[in-house]
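First up is the structure itself, then whatever we jot down about it.
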Number of protein chains: 2
Amino acid sequence: MRYHRGDVIDRALAVLDEYGLESLTMRRLAAELGVQPSALYHHVPNKQTLLAAVADEIVRRGRRPHRARRWDARVVEICTELRDAMLAYRDGAEVVATAHTFGLGEDEPAGRLRAALADGALPAELVDVATRTFLHLVFGHTNEEQTALQAASAGAIDREPGGHADFEQSLDLVLDGLRARTG
Amino acid sequence: MRYHRGDVIDRALAVLDEYGLESLTMRRLAAELGVQPSALYHHVPNKQTLLAAVADEIVRRGRRPHRARRWDARVVEICTELRDAMLAYRDGAEVVATAHTFGLGEDEPAGRLRAALADGALPAELVDVATRTFLHLVFGHTNEEQTALQAASAGAIDREPGGHADFEQSLDLVLDGLRARTG
DNA sequence: ACCTGAACACCGTTCAAGT
DNA sequence: ACCTGAACACCGTTCAAGT
């Protein structure tokens with residue numbers, strides 16, 4: 001039974017979504033593929049790289065057509081798409097945020113954010129700051145929301161999630177700050 | 001040789017700062033204290049709780065007198081204090097941010113942020129959103145900065161850290177958004 | 001080229017037994 | 001009350017050997 005790198009990533013996604021990040025071990029993944037743990041290292045150099053590939057796949061699967069024209073609407077669109085992509089998989093926010101922190105993976109949303117902000121007639125210096133600001137907001141908010149959701153579904157009723165409304169309000173705060181600096 | 005919970009936390013801080021989070025294991029910590037791993041469980045229920053206590057201690061040690069009067073200056077002061085506290089220990093941002101995500105520890109900075117924002121004559125509904133927004137910014141930015149710093153000192157020259165200027169610009173963006181909503 | 005089998009050097013946590 | 005010793009059920013990764 002031959003299998004390839006893509007099969008490994010796909011299975012990893014499935015294990016992640018069904019059992020969570022703490023259960024996504026190399027040994028567990030190997031067992032799921034009916035293979036010895038050592039066999040995985042022919043398709044992936046190590047676990048860190050595997051997780052970065054999983055993060056990229058989560059983001060990729062969440063892609064949808066973008067139709068906003070105004071730069072600020074595009075920012076909201078990109079951030080919301082990224083949030084929804086991460087929420088679609090168990091522990092998705094943690095996996096994607098961690099990969100981003102270590103500079104692994106494609107980081108394609110950052111590029112799209114940067115482009116949208118550059119269209120906003122912003123001082124070039126501000127584009128980088130704003131890009132990072134939005135990414136931190138998306139990762140932080142989504143991570144917290146997903147953790148709360150999973151804690152709630154596990155019985156522990158913590159704080160209310162906040163949810164989509166809070167998320168957009170948070171984005172809007174930063175957008176207001178940017179609009180004030182725009183012609 | 002008797003020792004107490006406080007000694008365990010202190011030692012954990014020392015191991016964290018010298019060898020990093022990945023080396024802060026229960027077994028390593030026990031060895032450092034000259035004791036069997038199982039002995040730690042008389043002072044701390046599990047590793048997660050230990051790490052939350054370490055996070056609290058990092059924040060506590062970073063406390064300094066606050067003198068700002070205006071609500072927006074107080075927000076900057078609180079955020080900067082938290083950032084500096086986390087930067088003072090290796091992997092401090094990751095430890096503190098993780099504890100916060102899981103709702104563990106004291107979360108005293110959140111309370112102080114909330115108080116400062118409430119003084120800002122903000123619509124009550126916005127206070128919570130803004131509090132979370134600032135915390136996400138502080139954790140995200142500091143985590144990224146610290147990771148970059150440690151990667152740089154380990155030889156890998158990645159992206160420039162951004163540093164304090166970027167951090168304050170990011171806060172200012174949100175503050176502008178809030179000031180626009182204030183009387 | 002791809003995989004197995006076995007090993008290395010670890011983990012967090014529990015628990016009977018000692019003092 | 002506090003600690004030891006030993007065990008349980010795991011980890012990620014490497015590497016000689018097989019096909």
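Small disclaimer: the values here were computed from a predicted structure and weren't measured. Note on naming: letters A, B, ... go to the chains in the order of the sequence lines (proteins, then strands), and numbering restarts at 1 for each one.
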Point to revise | Sequence neighbours excluded - salt bridge (Lys or Arg N to Asp or Glu O under 4.0 Å) pairs with any residue from residues 84-97 of chain B | key: B:Arg64-B:Asp84
Check your understanding: Can you tell me how far P in D:dA9 sits from the matching atom in C:dC10, rounded to whole Å?
Key -> 22 Å
Point to revise | Residue pairs fulfilling salt bridge (Lys or Arg N to Asp or Glu O under 4.0 Å) with at least one residue in residues 111-122 of chain B, sequence neighbours excluded | key: B:Arg74-B:Asp119, B:Glu81-B:Arg112, B:Glu108-B:Arg112, B:Arg114-B:Asp128
Practice item. Apply side-chain hydrogen bond (donor to acceptor under 3.5 Å, both in side chains) to B:Thr80 and list each qualifying residue two or more places apart in sequence or on a separate chain. Key: none
Review point. Got a sec, which residues hit side-chain hydrogen bond (donor to acceptor under 3.5 Å, both in side chains) with B:Thr142, two or more places apart in sequence or on another chain?
Key: none
Study note, to complete from the structure: Hits for salt bridge (Lys or Arg N to Asp or Glu O under 4.0 Å) against B:Asp176, two or more places apart or cross-chain, chain-then-number order -> A:Arg181, B:Arg179
Check your understanding: Which heavy atom in B:Ile58 sits nearest to a heavy atom in B:Ala85, and how many Å separate them?
Key -> CG2-O, 3.5 Å
Exercise for review: Using the side-chain hydrogen bond (donor to acceptor under 3.5 Å, both in side chains) rule, pick out the option among A:His141, A:His136, A:Glu144 that qualifies with B:His136.
Suggested key: A:Glu144
Point to revise | Residues in contact with DNA chain D, drawn from residues 42-49 of chain A - heavy-atom cutoff 4.0 Å | key: A:Asn46, A:Lys47
What side-chain donor-acceptor pairs closer than 3.5 Å can you find for residues 4-14 of chain B, not counting sequence neighbours?
residue: B:Asp7; atom: OD2; partner: B:His4; partner atom: N; Å: 2.6
residue: B:Asp10; atom: OD1; partner: B:Arg61; partner atom: NH2; Å: 3.0
residue: B:Arg11; atom: NH2; partner: B:Glu32; partner atom: O; Å: 3.2

Output a table of donor-acceptor pairs, distance under 3.5 Å, between side-chain atoms of residues 19-29 of chain B and any protein atom two or more places apart or on a different chain; print 'none' if there are none.
residue: B:Ser23; atom: OG; partner: B:Tyr19; partner atom: O; Å: 3.4
residue: B:Thr25; atom: OG1; partner: B:Arg28; partner atom: N; Å: 2.9

Quick one: which protein N/O atoms are closer than 3.5 Å to N/O atoms of nucleotides 5-9 of chain C? Pair and distance per line, please.
residue: C:dG5; atom: O6; partner: A:Ser38; partner atom: OG; Å: 2.7

Check your understanding: Under a cut-off of 3.5 Å for both distances of each Watson-Crick or G-U pair, what dot-bracket string does DNA chain D give, using [ ] for crossing pairs and | for inter-strand pairs?
Key -> ||.|||||...|||||.||
Point to revise | Test side-chain hydrogen bond (donor to acceptor under 3.5 Å, both in side chains) applied to A:Thr49 - qualifying residues, sequence neighbours left out | key: A:Asn46
Review point. Which ones in residues 92-99 of chain B lie close to DNA chain D, meaning a heavy atom under 4.0 Å from one of its atoms?
Key: none
Review point. Nearest-Å distance, NE2 (A:His4) to P (C:dA1)?
Key: 13 Å
